[in-house]
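Since the structure comes first, as structure tokens, the remarks are kept for the end.
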Amino acid sequence: MLLNLSERVYQSKLSSTVGIADEVARLREKGHQVVDFSAGRAAEDTPSYIVEAAIQAMNTGHTHQTMAKGTTAFRKACSIKLERENNIIADPETEIIATMGVKQGLTIAMLSLLNPGDEVIVENPCFVSYHQLISYFGGKSVPVPLRPENDFRWDPEELESNITPRTKAMLFNSPHNPTGIVHSRQDLEVIADIAQRHNLYVITDEVYERMTWDGHQHTNLATLPGMRERTITIMGLTKSFAMGGWRIGFVYASPAIIRMMEKLQQHLITSCNAFVQAGAAVAFAEPPKPAVKEYWQNWQEKCRFATQTLNDVPGLTTRMPQGAFYAWTDIRASKLSSEQFSRRLLQEHQVAVIPGAAFGSVGEGFIRITCVKSWDEMKEGIYRIKAFVEKL
Ligand code: GLU
């Protein structure tokens, strides 16, 4: 008999987002006409000027490993972007590192911070992979509710009451997947105050930073007084530039943390792909081109279409997201659990969504709908949801 495999991995859950998207791919291969509102993957292809830059890089010998922390060109482009869009002056040599997407940024953030038993406060609901990424590296995630009655925001007293002598960091996501809230400056001031009084690090997942709607503004925690040294800012191009398959992002953090991450990248991945970094550098070096802005405009319109249409369905309540591109739909009136609702919707109407419970206990009673599919798919899927609920 062989020895047991890793208990930590064995005990961890499959990713609902990637798992359901994979299930959709299998069903489609068998000929089922499934509408895929599961993972947050946009229908659009990467804008051609970015693709061209990567092709040119491949044709001119950028087919080798790069520095573990990323090419100088990519890191410089990240610092130009940070200054232009975030008012952050970052040294590309010491404060920026390239990552293979945001999940890989989170991976090296956890590895850099955590000792066995360290606790990380996360939002409940939160992105499905946070708990796993924390536990794989010996940490413990401590979910603190974002209650619907509190507009999906942390209650400052409840947040603070979850801090223990083992708390190392807080991790939050804004604009927020799945609820669609954008943390206000006031929300960030609460986090900054607690972090400083309890000497904690804060990891901010800002992958949706470019997607804020109806005048809502994204603020970077790292720009608040006293937060530069203790904030690990994780950003990506995967969502905003429709570059999901490229797996590219970066971390902005203090030189001490970046040095740790550089060591990790040397051992974990050697480097991000050279030609991917070349394309990404072009995307960041200049202000987003009209083609990209059009995507964002389109995504906002699709979010509005989905939320408005769903709000006309008795028994469903959906708020226009302030940011990111998910409709977070309240299905409590259906009396079905989010898992039952999602299962039946897939089986009976071939529409894949993510059950809210996958994001944490507070997500029960909600489903998450990705609103960045083609217009045809958006309309078909939303009408099928309507038909499903009307017959319940
Ligand atoms: N972050 C996206 C989502 O929440 C993509 C899926 C994933 O990487 O897990 O659907």
Side-chain angles (χ1 to χ4, degrees), residues 9 12-26 34-44 46 99-110 122-136 141 143 146 152 171-182 203-211 234-250 272 276 295-296 299 302-303 306 321 323-329 338 342 345-346 351-360 362-363 366-373 377-378 381:
V9 180
S12 67
K13 286 199 239 149
L14 289 170
S15 156
S16 313
T17 49
V18 177
I20 295 175
D22 286 355
E23 191 179 339
V24 171
R26 272 195 302 276
V34 184
V35 171
D36 186 9
F37 289 155
S38 62
R41 301 174 181 171
E44 287 85 355
T46 305
T99 63
M100 295 184 95
V102 165
K103 276 184 192 167
Q104 213 261 323
L106 284 161
T107 302
I108 55 174
M110 296 311 161
V122 296
E123 295 165 312
N124 174 11
C126 68
F127 174 51
V128 297
S129 294
Y130 289 168
H131 298 290
Q132 266 67 38
L133 287 175
I134 293 165
S135 73
Y136 286 163
S141 55
L146 303 177
F152 296 109
L171 160 60
F172 75 96
N173 172 220
S174 184
H176 186 252
N177 172 15
T179 67
I181 60 154
V182 173
I203 306 156
T204 71
D205 172 350
E206 305 187 20
V207 71
Y208 300 98
E209 60 162 334
R210 311 301 298 268
M211 282 143 261
I234 306 182
M235 292 181 167
L237 295 95
T238 46
K239 307 282 181 197
S240 38
F241 291 90
M243 289 172 70
W246 296 57
R247 314 312 305 139
I248 184 74
F250 73 96
C272 295
V276 164
Y295 285 4
W296 301 342
W299 296 345
K302 287 173 180 170
C303 287
F325 46 48
Y326 304 107
W328 182 237
T329 299
S338 60
S342 308
L345 183 61
L346 183 59
V351 180
V353 298
I354 308 289
F359 301 92
V362 176
F366 290 79
I367 55 165
R368 193 196 76 174
I369 298 165
T370 293
C371 299
V372 285
K373 300 297 159 177
E377 198 171 5
M378 286 307 304

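Quick note: residue numbers are just sequence positions, from 1. Whatever order the structure lists ligands and atoms in, that order sets their numbers, starting from 1. Predicted, not measured: the structure shown is a model, and the values here were computed from it.
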Those atoms of ligand 1 less than 4.0 Å from some heavy atom in Thr17: 3 (C), 4 (O), 6 (C), 7 (C), 9 (O), 10 (O)
Value rounded to 0.5 Å, distance of CH2 in Trp246 from CG in Leu237: 9.5 Å
Nearest neighbour in protein (non-hydrogen) for atom 2 (C) of ligand 1: Lys239 NZ, 2.9 Å
Under 4.0 Å to a heavy atom of Tyr208 - the qualifying atoms of ligand 1, by number: 1 (N)
Nearest neighbour in protein (non-hydrogen) for atom 8 (O) of ligand 1: Lys103 NZ, 3.1 Å
Proximity to ligand 1 by part of Arg247, non-hydrogen separation under 4.0 Å: neither
Side-chain touch His131/Val122, heavy atoms, less than 4.5 angstrom: yes
Proximity of Phe366 and Tyr326 rings by center, below 6.0 Å: no
Location of contacts on Thr370 toward ligand 1, heavy atoms closer than 4.0 Å: neither
Close side-chain approach of Pro355 and Ile20, heavy atoms under 4.5 Å: yes
Interfacing atoms of ligand 1 (cut-off 4.0 Å, heavy-atom, Val18): 7 (C), 9 (O)
pair Arg41-Lys239: side-chain heavy atoms closer than 4.5 Å: no
Element-labelled atoms of ligand 1 that are located less than 4.0 Å from some non-hydrogen atom of Gly40: 2 (C), 3 (C), 5 (C), 10 (O)
Any donor-acceptor pair under 3.5 Å from Thr46 side chain to Ala242 backbone: yes
Nearest-0.5 Å distance that lies between atom NZ in Lys302 and atom OG1 in Thr370: 12.0 Å
Subset of ligand 1 atoms that lie under 4.0 Å from at least one heavy atom of Tyr326: 2 (C), 3 (C), 4 (O), 10 (O)
